[in-house]
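Here the structure comes first, spelled out in structure tokens, and everything after it is commentary.
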Amino acid sequence: MSLCWFASILLEKQLLRLGTEMKIGVIGIGNIGGTLARKLIAAGHRVRVANSKGPDDVRPFADEIGAEAVDTRSAINGVEVVILAIPLSATAKLPKSLFDGVPQTVPIVTTSNYYPELGDPRIPEIDAGQVESVWVSEQLGLPVIKAFNNILAYSLAELGRPHGSENRLAIAVAGDDITQKRTAMGLVDEIGFDPVDGGTLDESWRQQPSTPSYCCDWDAETMRKALAAAMKGEAPRKRAQLPEQFRTLGANPTHDDIVALNRSLNWPD
């Protein structure tokens, strides 16, 4: 086993047991962002929620879960973690000055994925091979942490388990700043999942769509194997098959159907 593997295991073992209330800004309240906001409040954190339509649009949801409805700038002002749960292409439309003044110590967690075959606008840089989260980092002009992108929304909402539970599902976390990554991994643990170190931001392609680690409901041990099994350049080819493959599931596939399909398609041929 490599030194890199041992370093990853050590980081997972030393993840921050947060245990204290944090101020967290969540931009985007779709299936992933909304679920994260709900679960983070349940874990004892103070959460602000925002989207591109303004505070009035998110207020009903905020009132329901006990969050604060704000605009995007207020969502990141003075918080300790920012979660960016918006479509990948929308990152480029954020105001260039939005993150001015955000301390370098604040993790900016991106949850987005690139799905041009399912309607996302084409991004030439990513089509040419750039790692999705590296592209996001370039748009923001800041380092980011990649997390919460390789789990299905149903799994995130319904399948979390307490720390130490048997067969607990895992979520990969990638990034360059060790302290920021530990914070993100601590949040993963708090909301019911085993965090697995996905490596640097350059290595986060291993948890992009159509890789072995992507949305397959793996436990931590299998997640590590899945990240290691990813083959550079294979995911776009497999991703292109998704519309046709999902049609085979019919109009109302179950969660188990989707997981089984992902497992069959994503593991290396």
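All residue numbers in this chain count up from 1 along the given sequence. Note: hydrogens, waters and symmetry copies are ignored here, and every other heavy atom, side chains too, is used.
The shortest side-chain heavy-atom distance between Leu265 and Leu242 falls under the 4.5 Å cut-off. Residues Pro107 and Thr183 are in side-chain contact: their nearest non-hydrogen atoms beyond the backbone lie under 4.5 Å apart. Side chains of Leu84 and Thr111 form no contact here, defined as non-hydrogen atoms less than 4.5 Å apart. When side chains are defined from C-beta on, Val136 does not count as touching Gln139, because their heavy atoms never get closer than 4.5 Å. Two residues are said to be in side-chain contact when any heavy atoms from C-beta on lie closer than 4.5 Å; Val188 and Val173 meet this criterion. For the pair Trp218/Arg224, no side-chain contact is recorded, criterion being any heavy-atom separation below 4.5 Å from C-beta on. Between Val49 and Glu68 the shortest side-chain heavy-atom distance does not fall below 4.5 Å. Contact check for Trp135 versus Leu88: side-chain heavy atoms found under the 4.5 Å cut-off.
Between the side chains of Thr200 and Glu203, at least one donor N or O lies within less than 3.5 Å of an accepting N or O. Under the 3.5 Å distance criterion, with hydrogens and angles disregarded, a donor-acceptor pair is assigned to the side chains of Ser133 and Ser204. Using a 3.5 Å distance cut-off with no hydrogens or angles, the side chains of Glu138 and Gln130 do pair a donor with an acceptor. Ser97 and Asp100 are not linked by any side-chain donor-acceptor pair at a separation below 3.5 angstrom, with hydrogens and angles left out of the test. Side-chain N/O atoms of Asp217 and Ser155 include a donor and acceptor closer than 3.5 Å.
For Lys232, the NZ atom is densely surrounded, since the number of other residues' heavy atoms within 6.0 Å is greater than 12. Under a cut-off of 6.0 angstrom, the local environment of CZ in Arg46 is sparse, with at most 12 non-hydrogen atoms contributed by other residues, nucleotides or ligands.
To the nearest 0.5 Å, the span separating NZ on Lys225 from CG on Asp219 amounts to 8.5 Å. In this structure, Leu40 CG and Arg38 CZ are separated by 12.0 Å, a value rounded to the nearest 0.5 Å. Once rounded to the nearest 0.5 Å, the distance linking CD1 of Ile191 with CZ of Arg161 reads 13.0 Å. If you take CH2 on Trp267 and NZ on Lys238, they are separated by 10.0 Å, rounding to the nearest 0.5 Å. Atom CE in Met231 sits 9.0 Å away from atom CH2 in Trp205 (nearest 0.5 Å). If you take CD1 on Ile83 and CD1 on Ile76, they are separated by 13.5 Å, rounding to the nearest 0.5 Å.
Using a 4.0 Å cut-off between charged nitrogen and carboxylate oxygen, Glu244 and Arg247 do not count as a salt-bridge pair. A salt bridge links Lys146 with Glu132: the closest approach of a Lys/Arg side-chain nitrogen to an acidic carboxylate oxygen falls below 4.0 angstrom.
Side-chain atoms of Gln207 do not come within 3.5 Å of backbone N or O of Phe148 as any donor-acceptor pair. When atom types are taken as modelled, the side chain of Asn150 and the backbone of Ser213 share a donor-acceptor pair closer than 3.5 angstrom. Side-chain N or O atoms of His45 include one that pairs as donor or acceptor with a backbone N or O of Met22 at under 3.5 Å. A donor-acceptor pair is defined here as one N or O able to donate and one able to accept, closer than 3.5 Å; such a pair exists between the side chain of Asn113 and the backbone of Asn149. Between the Lys181 side chain and the Gly175 main chain, a donor and an acceptor come within less than 3.5 Å of each other. For the pair Asn77 (side chain) and Ser74 (backbone), a donor-acceptor distance under 3.5 Å is absent. Of the possible donor and acceptor atoms, one in the side chain of Arg206 sits under 3.5 Å from a partner among the backbone N and O of Leu227. A donor-acceptor pair under 3.5 Å is absent between the side-chain atoms of Asn262 and the main chain of Cys216, judged by distance alone. Between the Ser112 side chain and the Ile86 main chain, a donor and an acceptor come within less than 3.5 Å of each other. Under the 3.5 Å distance criterion, the side-chain polar atoms of Tyr114 are left unmatched by any main-chain donor or acceptor of Gln208.
Listed here is the closest heavy atom pair of Val106 and Gln180: O-NE2, 3.7 Å. Considering every non-hydrogen atom in both Pro268 and Pro212, the closest pair reads CD-CG, 3.7 Å. Residues Leu201 and Val131 share a closest heavy-atom pair of O-CG1, 3.7 Å. When all heavy atoms of Ala235 and Pro209 are compared, the pair lying nearest together is CB-O, 3.4 Å. Heavy atoms only, all atoms of each residue included: Asn266 and Ser210 are closest at OD1-CA, 3.5 Å. Taking every heavy atom of both residues into account, Ile108 and Pro143 meet most closely at CB-O, 4.2 Å.
Every residue two or more places apart in sequence or in another chain was checked for a ring pair (Phe, Tyr, Trp, His ring centres under 6.0 Å) with Tyr115, and none qualifies. Under the side chain to side chain donor-acceptor pair (under 3.5 Å) criterion, Arg168 pairs with Asp189, Asp194, not counting sequence neighbours.
Shown are Val79, Val26, Ile24, Ile27; of these, the side chain to side chain contact (heavy atoms under 4.5 Å, CB included) with Arg48 is made only by Val79.
Both Val134 and Leu142 are members of a single hydrophobic cluster when ILVMFWY side chains are connected at heavy-atom separations under 4.5 Å. By the rule that hydrophobic residues join a cluster once side-chain heavy atoms approach within less than 4.5 Å of another member, Ile65 and Leu156 end up as members of one cluster. Note on Val81: it clusters hydrophobically with Ile151, by side-chain heavy-atom contacts below 4.5 Å among ILVMFWY residues. Under a hydrophobic-cluster definition in which Ile, Leu, Val, Met, Phe, Trp and Tyr are linked whenever side-chain heavy atoms come within less than 4.5 Å, directly or via other members, Val70 and Ile41 are assigned to different clusters. Hydrophobic clustering (side-chain heavy atoms under 4.5 Å, transitive across Ile, Leu, Val, Met, Phe, Trp, Tyr) keeps Ile258 apart from Leu159.
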Original post:
Should Asn31 and Tyr154 be marked as a side-chain hydrogen bond (donor to acceptor under 3.5 Å, both in side chains) after you check the CA-CA gap, both sets of side-chain angles, and the distance that decides it?
Top reply: CA-CA 9 Å; Asn31 288 335; Tyr154 176 88; over 6 Å; no
**OP:** Under the side-chain contact (heavy atoms from CB on, under 4.5 Å) rule, what do Thr110 and Ile145 come out as? Steps first, then yes or no, please.
**Re:** CA-CA 6 Å; Thr110 175; Ile145 300 295; over 6 Å; no
**OP:** Decide yes or no on side-chain contact (heavy atoms from CB on, under 4.5 Å) for Thr105 and Thr179, but give the supporting numbers first.
**Re:** CA-CA 8 Å; Thr105 55; Thr179 301; over 6 Å; no
Original post:
Can Glu190 and Lys39 be said to form a salt bridge (charged side-chain N to carboxylate O under 4.0 Å, His left out), step by step?
Top reply: CA-CA 9 Å; Glu190 281 195 341; Lys39 293 178 79 72; over 6 Å; no
